[in-house]
Amino acid sequence: LELRDHGAAEGFDLLVALGASADQVGIGDGGAAPAYAHPAVRHLEVGLRAPEPADDTLNELFNDHAVRSGLGMPFPQPIESFHAWIESARKDPEHLNLVIERLEEPGAIGMCDLMTIEAPTRTAEMGIWVARPWWRGGYGTDAVRTLSRFGFDHVNLHRITLYVNADNTQAISAYEKVGFVHEGRLR
């Protein structure tokens, strides 16, 4: 699926209609790093922020077979691998890795990221997972909407691509609500 920024693209009208313009989202940076390096972004249901050492519970949530299988990762990862992945992503200028939190009750419920950020072509790939207890709550949809708008408005992207298993109808529906369009099927 792919999403292009055409200004008020379908799915983003909802962002404005519900009273949250891009200026009201609440962007913050961590200092001298690029503006998108470690943002804290909020929308209607979720906040996105940089991972912290206290987010170890994410590894336990990620190790749920139903979550991992949707991402093509059949085996659990040890906590050391989780920390290594977070540190690696934090140092990579082409990777923006964020924790998803519910606004009404802070605490990590998943992660999302923009990977392979290519400034010359203004493109990136999105990844997202939400832990099973928060499925069907609209949090994934809101996180995708928030991260997409951040990518277009603050990372200067023109196109965001994501890959999803063809049988993951729940995720496909969430992506389409935001404005992603099916572009092809890999075999």
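On a predicted model such as this, the values are computed, not experimentally measured, just so you know.
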Peer 1: At their closest point, which heavy atom of L103 faces which heavy atom of G47, and how far apart are they?
Peer 2: CD2-N, 3.7 Å

Peer 1: Please name the pair of heavy atoms, one in A108 and one in L61, separated by the smallest distance, quoted to 0.1 Å.
Peer 2: O-CD1, 3.8 Å

Peer 1: For D55, what residues pass the salt bridge (Lys or Arg N to Asp or Glu O under 4.0 Å) criterion, not counting sequence neighbours?
Peer 2: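 Partners of D55 by the salt bridge (Lys or Arg N to Asp or Glu O under 4.0 Å) criterion, ordered by chain and then number, come out as R49.
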
Peer 1: Work out which heavy atom in S148 is nearest to a heavy atom in V178; give both atom names and the distance.
Peer 2: OG-CG1, 4.3 Å

Peer 1: Taking the side chain as every heavy atom from C-beta outward, state whether M111 and L58 have any pair of such atoms under 4.5 Å apart.
Peer 2: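 A side-chain contact under 4.5 Å exists here.
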
Peer 1: Any chance you could measure C112, atom SG, to L98, atom CG, to the nearest 0.5 Å?
Peer 2: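 If we round to the nearest 0.5 Å, C112:SG and L98:CG are 5.0 Å apart.
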
Peer 1: Could you pull out all residues at least two apart from E118 that satisfy salt bridge (Lys or Arg N to Asp or Glu O under 4.0 Å)?
Peer 2: none

Peer 1: For a quick check under 3.5 Å, do H83 and N59 share a side-chain donor-acceptor pair by atom type?
Peer 2: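 There is no such pair between these side chains.
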
Peer 1: First locate atom CD1 of I160, then atom CZ of R122, and finally report the distance between them rounded to the nearest 0.5 Å.
Peer 2: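 Reported to 0.5 Å precision, the distance equals 11.0 Å.
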
Peer 1: Look at E183 together with R159 and state whether they make a salt bridge at an N to O cut-off of under 4.0 Å.
Peer 2: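 Salt bridge flag = yes for R159 with E183.
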
Peer 1: Kindly determine whether E87 and N97 satisfy side-chain contact (heavy atoms from CB on, under 4.5 Å), including the steps that lead there.
Peer 2: CA-CA 10 Å; E87 191 58 33; N97 191 7; over 6 Å; no

Peer 1: Would you check if T161 and T123 make a side-chain contact, meaning some heavy-atom pair closer than 4.5 Å?
Peer 2: no

Peer 1: Distance check, rounded to the nearest 0.5 Å: L162 atom CG versus I172 atom CD1?
Peer 2: 9.5 Å

Peer 1: Any side-chain to backbone donor/acceptor pair from T146 onto D142? Under 3.5 Å, distance only.
Peer 2: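 Answer holds: yes.
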
Peer 1: Where is the tightest heavy-atom contact between A171 and V164, given as atom of each residue plus distance?
Peer 2: CB-CG2, 3.9 Å

Peer 1: Indicate yes or no: at least one non-hydrogen side-chain atom of F82 is less than 4.5 angstrom from one of F62.
Peer 2: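 In short, these two side chains do not touch, never coming nearer than 4.5 Å.
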
Peer 1: Side chain of D113, backbone of L96: donor and acceptor closer than 3.5 Å?
Peer 2: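 Not a single qualifying donor-acceptor pair exists.
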
Peer 1: Looking at residues at least two apart in the chain, or sitting in another chain, which of them share a side chain to side chain contact (heavy atoms under 4.5 Å, CB included) with R102?
Peer 2: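 R102 satisfies side chain to side chain contact (heavy atoms under 4.5 Å, CB included) with E104, E105, I109, W134, Y139 once adjacent residues are dropped.
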
Peer 1: With D92, which residues qualify under side chain to side chain contact (heavy atoms under 4.5 Å, CB included), at least two apart?
Peer 2: E94, H95

Peer 1: Between V144 and M126, is there a side-chain heavy-atom distance shorter than 4.5 Å?
Peer 2: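 When only atoms from C-beta onward are counted, V144 and M126 do touch, with a gap below 4.5 Å.
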
Peer 1: Applying side chain to side chain contact (heavy atoms under 4.5 Å, CB included), can you list everything that pairs with A174, at least two apart in sequence or on another chain?
Peer 2: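 Checked A174 against side chain to side chain contact (heavy atoms under 4.5 Å, CB included); matches are T141.
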
Peer 1: Between R149 (side chain only) and H154 (backbone N and O only), is there a donor and an acceptor less than 3.5 Å apart?
Peer 2: no

Peer 1: Just jot down the salt bridge (Lys or Arg N to Asp or Glu O under 4.0 Å) partners of E60, sequence neighbours excluded, or say none.
Peer 2: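 Salt bridge (Lys or Arg N to Asp or Glu O under 4.0 Å) check on E60 returns nothing, list empty.
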
Peer 1: Is there a side-chain contact (heavy atoms from CB on, under 4.5 Å) between V99 and L48 once you walk through the steps?
Peer 2: CA-CA 5 Å; V99 169; L48 307 178; over 6 Å; no

Peer 1: Grab the two heavy atoms, one from M115 and one from G127, that are nearest each other, plus how far apart they are.
Peer 2: CE-N, 3.7 Å

Peer 1: Can you see which heavy atom on F152 is nearest to which on L157, and at what distance?
Peer 2: CD2-O, 3.2 Å

Peer 1: Got a donor-acceptor contact below 3.5 angstrom from the S88 side chain to the A84 backbone?
Peer 2: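 A pair under 3.5 Å: no.
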
Peer 1: Quick one: does any side-chain atom of W135 pair with a main-chain N or O of V130 as donor and acceptor, under 3.5 Å?
Peer 2: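 Yes, the answer is positive, given that a donor and an acceptor are paired below the 3.5 Å cut-off.
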
Peer 1: Enter the distance from Y163:OH to E125:CD here, rounded to the nearest 0.5 Å.
Peer 2: 5.5 Å

